[in-house]
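Chain identifiers are assigned alphabetically (A, B, ...) following the order of the sequence lines, protein sequences preceding nucleic acid strands; residue numbering begins at 1 within each chain. This is a predicted model, so every value here is computed, not measured.
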2 protein chains.
Amino acid sequence: MPEFFHDRKLYYTPIEFALSHIGGTWKMPILWRLQESVQRFNELKKDIPHITDKMLTSQLRELEAKGMINRKVYAVVPPKVEYSLTDKGMQAIPVIETIMKFGYELIKEEGIEFPSKQHKNDDIPS
Amino acid sequence: MPEFFHDRKLYYTPIEFALSHIGGTWKMPILWRLQESVQRFNELKKDIPHITDKMLTSQLRELEAKGMINRKVYAVVPPKVEYSLTDKGMQAIPVIETIMKFGYELIKEEGIEFPSKQHKNDDIPS
DNA sequence: TCCTATACTTACCTTTTTGTAAGTATGAAA
DNA sequence: TTTCATACTTACAAAAAGGTAAGTATAGGA
């Protein structure tokens, strides 16, 4: 596999380069949320459990820097900022879907059970 | 997205779970090498530029622990150990391929050039 | 005057991942 | 007796990633 420099960093493989765009704990969950529609900071925050303000901001900034998302600021108070996928970001969606499906397969094969939130009566399984 | 515990670790998403199997700098390059045939430690080492003994060992161990590869030891001196993909490991191959292709697309779109090793005359492009 | 909402920023710290350099065991061959 | 090959292990260090807790600006409303 080839290696190359980009933005002062050495990448060993195209895989590494791809993961610099969508890797880490939060980038894929964020991009995944944006595929449906434009989202505001707080909407993403509510949608993505456990993410902190700091991580959400930093990951949004990195995604923007890599051209995966757009950031649109409205000059209002309180602030309003909308995030949306760029074409490049949209290219990532099927990749993320593949990884997600693989994750679900693995979970299934491990026999891992996680609480389904399909119904309200979580504590009274049928 | 659901969250769940497995092996004393909390996973927030299936994506995170998938990446625990194939994520990091070295796991995908290793699995990719094994798709063609069984490989020995030193063969992998020669094939994967920049990987150190330590990282190769630790990643092979983790892949084994997750059931992605088999480790076969021959009782000879000097040692001989062969690594091969399990069925689970094979399931990862198309996923890795998708990520790799995405990486190549991104590289192309960025206009990044890397030295092709197709021909010997690297310094005399036709 | 104080509180609220929104989208952040900042300082500090912990954990995880990766890297560096050196050493180990063994039997066969020189 | 020394060297060689193979597949590691170990101690230590550096870098990257992630987390905690607190603070900021602003205008409108109570």
Side-chain angles (χ1 to χ4, degrees), chain A residues 3 7-13 15-17 19-30 33-34 38-66 69-84, chain B residues 3 7-13 15-17 19-30 33-34 38-66 69-84:
Chain A
E3 71 185 55
D7 272 353
R8 294 151 171 255
K9 197 189 169 310
L10 175 63
Y11 296 92
Y12 296 149
T13 62
I15 291 170
E16 220 192 329
F17 193 62
L19 288 185
S20 75
H21 288 76
I22 61 172
T25 308
W26 304 113
K27 288 198 186 76
M28 292 195 241
I30 291 170
R33 289 309 182 301
L34 295 179
V38 167
Q39 300 272 127
R40 293 182 63 180
F41 186 90
N42 271 357
E43 292 174 326
L44 288 169
K45 201 174 137 185
K46 278 170 197 152
D47 250 32
I48 304 175
H50 305 289
I51 198 167
T52 60
D53 286 20
K54 187 201 142 184
M55 287 314 291
L56 183 49
T57 309
S58 74
Q59 299 309 296
L60 287 169
R61 290 286 179 288
E62 287 180 23
L63 287 168
E64 196 194 356
K66 305 225 183 234
I69 63 174
N70 294 126
R71 181 168 179 268
K72 185 170 179 186
V73 183
Y74 294 84
V76 296
V77 168
K80 177 178 175 181
V81 181
E82 285 179 347
Y83 294 94
S84 58
Chain B
E3 72 185 54
D7 273 353
R8 294 150 171 256
K9 197 189 169 312
L10 175 63
Y11 295 92
Y12 296 147
T13 62
I15 291 171
E16 219 192 329
F17 193 63
L19 288 185
S20 75
H21 289 74
I22 61 171
T25 309
W26 303 112
K27 288 200 186 72
M28 291 196 241
I30 291 169
R33 288 311 182 300
L34 294 179
V38 168
Q39 299 271 126
R40 294 181 63 180
F41 186 91
N42 271 356
E43 292 174 326
L44 289 168
K45 202 175 136 184
K46 278 170 197 154
D47 251 31
I48 304 174
H50 306 289
I51 198 168
T52 61
D53 284 21
K54 189 202 142 186
M55 287 314 291
L56 183 50
T57 308
S58 74
Q59 299 309 295
L60 287 169
R61 289 288 179 288
E62 286 180 24
L63 287 168
E64 195 194 356
K66 306 230 181 227
I69 63 174
N70 294 124
R71 180 167 179 269
K72 186 170 178 186
V73 183
Y74 294 85
V76 296
V77 168
K80 177 179 176 181
V81 181
E82 285 179 347
Y83 295 93
S84 57

Practice task
List in chain and number order the residues that pass ring pair (Phe, Tyr, Trp, His ring centres under 6.0 Å) with A:Tyr11, two or more places apart in sequence or in another chain; answer none if no residue qualifies.
Solution key: A:Phe4, A:Phe17

Close N/O contacts between protein and nucleotides 4-13 of chain C (under 3.5 Å):
unit_1: C:dT6; atom_1: O3'; unit_2: A:Arg40; atom_2: NH2; d: 3.1
unit_1: C:dT6; atom_1: O3'; unit_2: A:Pro79; atom_2: O; d: 2.8
unit_1: C:dA7; atom_1: OP1; unit_2: A:Arg40; atom_2: NE; d: 2.8
unit_1: C:dA7; atom_1: OP1; unit_2: A:Arg40; atom_2: NH2; d: 2.9
unit_1: C:dA7; atom_1: OP1; unit_2: A:Val81; atom_2: N; d: 3.4
unit_1: C:dA7; atom_1: OP2; unit_2: A:Asn42; atom_2: N; d: 3.1
unit_1: C:dC8; atom_1: OP1; unit_2: A:Arg61; atom_2: NH2; d: 3.1
unit_1: C:dC8; atom_1: OP1; unit_2: A:Arg71; atom_2: NH2; d: 2.4
unit_1: C:dC8; atom_1: OP2; unit_2: A:Tyr83; atom_2: OH; d: 2.4
unit_1: C:dC8; atom_1: N4; unit_2: A:Asp53; atom_2: OD2; d: 2.5

Problem - Separation of D:dG18 P from A:Ile30 CD1 (nearest whole Å) - result: 10 Å

Exercise for the section: Provide, to the nearest angstrom, the distance between the CD1 atom belonging to A:Ile51 and the C1' atom belonging to D:dA17. Expected result: 13 Å

Exercise for the section: Would you name the heavy atoms of A:Lys27 and A:His21 that are closest together and state the gap between them? Expected result: CD-O, 3.3 Å

Exercise for the section: Figure out the CG/P separation between B:Leu19 and C:dT16, and round it to whole Å. Expected result: 16 Å

Handout entry: Rounded distance in Å - CE (B:Met55) to P (C:dA21)
Key = 16 Å

Practice task
Using a 4.5 Å cut-off on heavy atoms from C-beta on, say whether the side chain of B:Ile30 contacts that of B:Tyr83.
Solution key: no

Exercise for the section: Grab the two heavy atoms, one from A:Met28 and one from B:Leu19, that are nearest each other, plus how far apart they are. Expected result: CE-CD1, 3.6 Å

Problem - Whole-Å gap separating C1' (D:dG18) and CD1 (A:Ile48) - result: 15 Å

Handout entry: Whether B:Arg33 side chain and B:Asp47 backbone form a donor-acceptor pair below 3.5 Å
Key = yes

Practice task
Starting at atom CD of B:Gln39, determine the distance to atom P of D:dA7, rounded to an integer number of angstrom.
Solution key: 11 Å

Exercise for the section: Take the protein atom NE2 of A:His50 and the nucleotide atom C1' of D:dT20, then report the distance between them rounded to whole Å. Expected result: 16 Å

Handout entry: C:dG19 OP1/OP2 closer than 4.0 Å to side-chain N/O of B:Thr52
Key = no

Problem - Interatomic distance where CZ belongs to B:Arg8 and P belongs to C:dT15 [whole Å] - result: 16 Å

Exercise for the section: Would you check if the side chain of B:Glu43 reaches a backbone N or O of B:Gln39 as a donor-acceptor pair within less than 3.5 Å? Expected result: no

